[in-house]
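Shown next, in structure tokens, is the structure this report addresses.
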Amino acid sequence: MWWVKGKRFLIVLMGLTVLAALVAGGVYIKKSPYFALSGVEITIEGKRFLNKREVFEKADLLLGTNIFALNLQDIKKRLELHPWVAEAFVSRKLPDKIFIKVREEKPLAMLSINGEIWLVNEKGYIFARAPKNLLKELPALEGVSEKEIKNRRLDAQKVEVLKLLAKLKKSETLVPPYANISQIKFLPDGFLLLTRDALLIKFAGNKLDDYEKAYKKLDRIFVYLYDTKQYQRVKTVRLDYPENSAALIFKKGRRS
């Protein structure tokens with residue numbers, strides 16, 4: 001019927017009209033001075049080593065650029081190339097601003113590479129050279145391979161140890177606390193922990209669960225040593241024994 005064909009023609013015509021309007025609107029939006037970038041709002045989570053000027057420069061934004069012409073994903077990628085940016089979030093704030101939120105990296109330990117001190121985060125990434133004011137705060141790592149240094153990331157077993165350090169840093173309910181850890185030396189089947197008062201502790205295993213169980217056992221040992229006033233006499237605590245046992249090596253060679 002002629003009226004059916006006419007109706008179809010009108011529907012197609014309306015569709016084309018709407019499409020043309022959308023295209024024209026899109027062109028207008030991308031060229032309109034109403035959406036020209038006039039400012040950048042920056043929030044930093046952490047804000048110990050990063051500042052807003054660094055973030056703005058890394059974002060590489062030109063004021064006056066239409067905010068709809070900016071690729072937010074590209075801005076995010078540029079920001080996350082900064083060694084101290086762990087994660088970045090970028091969004092448009094209508095009509096003429098860009099909002100940036102970055103989460104600052106949290107160094108967990110330090111590592112000596114060719115005479116320079118580098119920082120390591122909880123995930124095992126070697127991400128930046130260490131500022132001098134951090135050298136007394138962080139435990140040093142030993143036993144990292146050349147391959148790991150080249151890849152700028154520690155292997156999975158070592159990351160399990162870092163997870164333990166991260167938990168200790170967030171809570172001081174177990175001893176020795178994070179603040180009293182001077183050095184970690186990775187071993188094929190565990191690690192050695194040296195406290196800042198020179199007590200050496202040997203852990204066995206390769207999973208966080210192994211280390212947490214051992215740390216709880218260590219906590220009980222420390223309570224015993226403090227109660228009996230023997231802590232200063234102990235040189236080494238060996239936790240690489242069955243679950244309910246450990247060995248204490250005293251500074252005069254006596255064992256218990």
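Model, not experiment: these values are computed from the prediction.
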Can you tell if the side chain of L138 reaches within under 4.5 Å of the side chain of L108, non-hydrogen atoms only?
no
Let me confirm one number: the CG-CG distance from L193 to L164, rounded to the nearest 0.5 Å.
8.5 Å
So do P177 and V175 actually touch side chain to side chain, heavy atoms under 4.5 Å?
yes
Quick one: salt bridge (Lys or Arg N to Asp or Glu O under 4.0 Å) pairs with a partner in residues 68-85, sequence neighbours left out?
K76-E80
Within this structure, what is the NZ-CD distance for the pair K207 and E160, rounded to the nearest 0.5 Å?
5.0 Å
Is the NZ atom of K217 crowded by more than 12 outside heavy atoms at less than 6.0 Å?
yes
Does P176 reach the side chain of Y215, with side-chain heavy atoms less than 4.5 Å apart?
yes
Listed once per pair and sorted, the salt bridge (Lys or Arg N to Asp or Glu O under 4.0 Å) pairs that draw on residues 150-159, sequence neighbours left out
E148-K158, D155-K158
With sequence neighbours excluded, give me every side-chain hydrogen bond (donor to acceptor under 3.5 Å, both in side chains) pair touching residues 177-192.
E142-Q183
Using links of under 4.5 Å between side-chain heavy atoms of ILVMFWY residues, direct or through other members, which residues join Y125 in one cluster?
none
With sequence neighbours excluded, residues passing side chain to side chain donor-acceptor pair (under 3.5 Å) with E116
R129
Applied to residues 117-127, the salt bridge (Lys or Arg N to Asp or Glu O under 4.0 Å) test, sequence neighbours excluded, yields none
Members sharing L194's hydrophobic cluster (side chains within less than 4.5 Å)
L187, L192, L200
Does the separation of the ring centres of F186 and F191 fall below 6.0 angstrom?
no
Taking all atoms of both residues into account, what is the closest heavy-atom pair of A204 and D210, and its distance?
O-CB, 4.0 Å
Answer whether the closest heavy-atom distance between the side chains of V40 and F99 falls below 4.5 Å.
no
Can you list every salt bridge (Lys or Arg N to Asp or Glu O under 4.0 Å) pair that touches residues 101-110, not counting sequence neighbours?
E87-R103
Evaluate the side-chain contact (heavy atoms from CB on, under 4.5 Å) criterion for residues I201 and T236: first the C-alpha distance (whole Å), next the side-chain angles of each, then the deciding distance (0.1 Å), finally the verdict.
CA-CA 6 Å; I201 305 162; T236 305; over 6 Å; no
May I ask you to test the V237-L218 pair for a side-chain heavy-atom distance under 4.5 Å?
yes
Output for pair (E212 CD, L174 CG), nearest 0.5 Å, gives 9.0 Å
From E41 CD over to T43 OG1, what is the distance, rounded to the nearest 0.5 angstrom?
7.5 Å
Which label fits W84 and F127: parallel for a plane angle under 30°, tilted from 30 to 60°, or perpendicular past 60°?
perpendicular
Can you name the residues that form a side-chain contact (heavy atoms from CB on, under 4.5 Å) with K52, not counting sequence neighbours?
I42, I44, K47
Just jot down the side chain to side chain donor-acceptor pair (under 3.5 Å) partners of R53, sequence neighbours excluded, or say none.
E57
Listed by chain and number, what are the side-chain contact (heavy atoms from CB on, under 4.5 Å) partners of L72, not counting sequence neighbours?
I75, V90, R92, I98
Residues at least two apart in sequence or cross-chain that pass salt bridge (charged side-chain N to carboxylate O under 4.0 Å, His left out) with K202, listed by chain then number, are D240
Run V120 and V144 through side-chain contact (heavy atoms from CB on, under 4.5 Å) and show every step you take.
CA-CA 11 Å; V120 181; V144 178; over 6 Å; no
Rounded distance (nearest 0.5 Å) linking atom CG of L162 with atom CD1 of I184:
8.5 Å
Which of parallel (below 30°), tilted (30 to 60°) and perpendicular (above 60°) describes F222 and Y231?
perpendicular
Between L135 and M110, is there a side-chain heavy-atom distance shorter than 4.5 Å?
yes
Heavy atoms, side chains only, cut-off 4.5 Å: are L37 and D96 in contact?
no
Are any of the side-chain heavy atoms of I221 and D219 separated by less than 4.5 Å?
no
